[in-house]
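Take a look at the structure set out below.
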Amino acid sequence: MIVTTTDLFKHAYGKYAVGAYNINNLEQTVGLFRGNLGKTAANDDPTDDSKSAPFIIQISRGARSYTDKRFLEGLIRSAEAVFPEAIFAVHLDHGTEEACYDCIDSGFYSSVMIDASHDPLEKNIEITKRVVDRAHAKGVVVEAELGQLGGVEEDVVGSVCLTDPEEAAEFVEKSGCDSLAVAIGTSHGAYKFSGGQGLHFDVLEKIQKILPEGFPLVMHGSSSVPQEWVDRVNAAGGALKGASGVDEAQYLPAAKLGVCKINIDTDGRLVWCAVLRETFQDKPEDFDLRTSGKVFMPEYAGYIIHKNQMFGAAGQLESARAAIGK
Ligand code: G3H
Ligand code: 13P
Ligand code: ZN
């Protein structure tokens with residue numbers, strides 16, 4: 001069942017974070033739904049309540065244009081029918097104003113992200129407010145972003161890039177957004193924290209304190225880039241040198257400080273890359289695309305279960321269902 005991120009965040013706030021996973025194709029969609037229901041194998045295996053979790057499906061503009069955006073909607077609608085116990089939000093990741101309107105008007109997305117974080121504060125507020133007004137009129141909720149993730153690397157960390165708590169308070173009040181993505185040291189992709197500094201909990205704490213009580217925060221660029229997967233990719237012919245990510249032990253402390261949504265895309269790509277490289281390397285005579293797909297789906301589902309455990313979200317599905325009242 002599709003719900004809004006607001007429904008999910010009310011249940012999660014201060015206790016755990018909801019995993020927000022990017023998808024691009026069928027195999028990711030199936031692995032994602034299975035994993036969030038606590039199972040790795042067949043669709044008809046029973047849901048494991050100790051591992052099942054509410055979740056967020058993220059669709060980027062790149063994913064929407066990879067084939068045709070309608071295929072993704074079709075995939076998710078089919079998954080909803082195959083996995084009727086699942087509770088999830090459908091969210092546009094890093095939207096432009098135009099993409100947000102397209103998703104709001106489609107009636108399919110329950111949540112959109114307007115990313116005007118590269119604009120100056122006033123302009124970011126102005127654009128976000130326009131999207132909020134149009135989204136709220138249709139019951140869609142809005143994530144906005146303040147601060148800049150991409151530039152936050154080892155030697156350029158500074159207050160200019162990280163989210164300013166005072167600005168965050170002004171931004172939330174004036175824009176009317178429902179959740180806020182904050183820059184607290186993470187960055188997108190497989191090469192984070194080359195200096196090993198980790199998350200800026202001091203900044204996160206200040207942001208939580210200054211915002212209205214219970215206001216949901218979002219952490220982008222949060223893949224942990226597990227060494228195990230990097231090693232598997234490299235052992236099968238890849239060349240990922242110096243890849244590193246967020247320390248998984250930092251997810252729950254961040255959730256306790258109001259981070260309700262943790263974005264993961266890169267880790268899923270690593271699982272995909274490792275599985276495809278391994279299957280083609282191990283079976284050079286095989287050219288059936290389903291050979292790797294069959295390995296990928298349970299591997300990815302297993303990875304999702306692990307991630308949800310790290311977020312404190314595993315085992316929360318039934319309690320979230322009761323709280324949401326659906
Ligand atoms: O934050 C960006 C996400 O990882 C989506 O990436 O635009 O390549 O699909 P993408
Ligand atoms: P990663 O690149 O760390 O997976 O971040 C994904 C993300 O923030 C999607 O919006
Ligand atoms: Zn992001």
Side-chain angles (χ1 to χ4, degrees), residues 5 17-25 27-29 31-32 35 55-69 71-72 75 89-96 98-100 103 109 111-118 124 142-153 161-163 177 179-194 198-199 216-227 229-230 233 240 242-248 250-251 254 259-274 300 303-304 306-308 310-311:
T5 45
V18 182
Y21 303 100
N22 289 71
I23 60 146
N24 292 271
N25 68 11
E27 290 79 1
Q28 280 183 309
T29 308
L32 183 61
F55 64 106
I56 298 165
I57 298 183
Q58 305 207 115
I59 302 176
S60 70
R61 281 178 292 133
R64 279 160 60 81
S65 61
Y66 173 50
T67 51
D68 182 301
K69 60 194 177 190
F71 285 121
L72 293 172
L75 278 177
V90 180
H91 174 79
L92 169 69
D93 191 26
H94 292 285
T96 57
E98 192 191 0
C100 285
C103 292
Y109 290 71
S111 171
V112 294
M113 175 192 187
I114 171 69
D115 183 357
S117 60
H118 290 275
N124 190 353
V142 179
E143 173 184 324
E145 179 166 337
L146 186 67
Q148 280 170 27
L149 251 69
V152 184
E153 295 292 0
C161 297
L162 300 181
T163 302
C177 65
S179 63
L180 185 68
V182 290
I184 53 169
T186 62
S187 56
H188 292 109
Y191 301 92
K192 313 181 203 294
F193 301 121
S194 34
L199 301 185
L217 300 173
V218 177
M219 227 167 72
H220 281 245
S222 298
S223 281
S224 57
V225 191
Q227 196 56 46
W229 288 102
V230 172
V233 168
L240 302 176
S244 69
V246 174
D247 178 353
E248 290 187 321
Q250 298 199 324
Y251 292 143
V259 170
C260 293
K261 171 174 179 273
I262 296 188
N263 285 16
I264 304 290
D265 185 2
T266 294
D267 285 355
R269 295 178 185 205
L270 290 173
V271 176
W272 175 263
C273 180
Y300 187 50
Y303 185 71
I304 295 291
H306 165 75
K307 219 65 196 162
N308 287 336
M310 295 296 107
F311 294 160

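Both ligands and their constituent atoms are indexed starting at 1 by order of listing. Just the heavy atoms: all of them, side chains too, but no hydrogens, waters or symmetry mates, feed the values below.
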* Give the atoms of ligand 2, by number and element, whose distance to some non-hydrogen atom of H94 is under 4.0 Å. => 10 (O)
* Of all heavy-atom pairs between R61 and A99, which one has the smallest distance, and what is that distance? -> CD-CB, 3.8 Å
* To do: Give a yes/no verdict on whether any heavy atom in K192 is under 4.0 Å from an atom of ligand 2.
  => yes
* Asked: I264 heavy atoms, cut-off 4.0 Å: which ligand 2 atoms fall inside?
  -> 4 (O)
* Using only heavy-atom distances, determine whether the side chains of Y251 and K307 contain a donor-acceptor pair under 3.5 Å. => yes
* Answer yes if the side chains of D267 and Y303 hold a donor-acceptor pair under 3.5 Å, and no otherwise. => yes
* **Chi angles and distances behind the side-chain contact (heavy atoms from CB on, under 4.5 Å) call for Y109, I59** => CA-CA 10 Å; Y109 290 71; I59 302 176; 3.8 Å; yes
* Asked: For atom 6 (O) of ligand 1, which of Q58, H220, R269 has the closest heavy atom?
  -> R269
* Asked: Quick check: does D265 get an N/O under 3.5 Å from an N/O on ligand 1?
  -> yes
* Asked: With backbone taken as N, CA, C and O and side chain as the heavy atoms from C-beta onward, which portion of V246 lies under 4.0 Å from ligand 2: side chain, backbone, both, or neither?
  -> neither
* **Proximal ligand 2 atoms for H220, defined as those under 4.0 Å from one of its heavy atoms** => 8 (O), 10 (O)
* Asked: Looking only at heavy atoms, what is the nearest atom pair of A63 and N24, with distance?
  -> CB-OD1, 3.3 Å
* Contacting atoms of ligand 2, where contact means under 4.0 angstrom from a heavy atom of G189 -> 2 (O)
* Going through the distances and angles, do H306 and E248 end up as a side chain to side chain donor-acceptor pair (under 3.5 Å)? -> CA-CA 10 Å; H306 165 75; E248 290 187 321; 3.0 Å; yes
* Which residue and heavy atom of the protein sit nearest atom 2 (C) of ligand 1, plus the separation -> H94 CD2, 3.8 Å
* Minimum heavy-atom separation for T186 to H220, with atom names? -> OG1-O, 2.7 Å
* What residue and atom, counting heavy atoms only, is the protein's closest point to atom 9 (C) of ligand 2, and at what distance? -> D93 OD2, 3.2 Å
* **Those atoms of ligand 1 less than 4.0 Å from some heavy atom in H188** => 1 (O)
* Asked: Are the side chain of D115 and the backbone N or O of E145 linked by a donor-acceptor pair below 3.5 Å?
  -> no
* Proximity to ligand 1 by part of T266, non-hydrogen separation under 4.0 Å -> neither
* Starting from atom 2 (O) of ligand 2, find the nearest protein heavy-atom neighbour and note its residue, name and distance. => T266 OG1, 2.6 Å
* To do: To 10°, measure the NE2(H188)-the Zn ion (ligand 3)-ND1(H220) angle for me.
  => 120°
* Student check: side-chain heavy atoms of Y191 and L240 closer than 4.5 Å -> yes
* Evaluate the side-chain contact (heavy atoms from CB on, under 4.5 Å) criterion for residues I264 and N22: first the C-alpha distance (whole Å), next the side-chain angles of each, then the deciding distance (0.1 Å), finally the verdict. => CA-CA 7 Å; I264 304 290; N22 289 71; over 6 Å; no
* What part of N263 sits under 4.0 Å from ligand 1 if we count only heavy atoms: the side chain, the backbone, both or neither? -> neither
* Asked: For atom 7 (C) of ligand 2, what is the nearest protein heavy atom, given as residue, atom name and distance?
  -> H188 CD2, 3.4 Å
* Distance filter under 4.0 Å to S60 heavy atoms, resulting ligand 1 atoms -> 5 (C), 7 (O), 9 (O), 10 (P)
* ligand 2 atoms in contact with N22 (distance to a heavy atom under 4.0 Å) -> 9 (C)
* Asked: In the protein, what heavy atom is nearest to atom 8 (O) of ligand 2, and what distance, to one decimal place, separates them?
  -> G221 N, 2.8 Å
* For ligand 2, does A190 get within less than 4.0 Å through its side chain, its backbone, both, or neither, judged by non-hydrogen atoms? -> neither
* Can K192 and T266 be counted as having a side-chain donor-acceptor contact under 3.5 angstrom? -> no
* Are any side-chain N or O atoms of S117 and backbone N or O atoms of L146, one a donor and one an acceptor, separated by less than 3.5 Å? -> no
* Asked: For ligand 2, is there an N or O atom under 3.5 Å from any N or O atom of N263?
  -> yes
* To do: Flag the pair S179 / V218 as yes when at least one side-chain heavy-atom distance between them is below 4.5 Å, and no otherwise.
  => yes
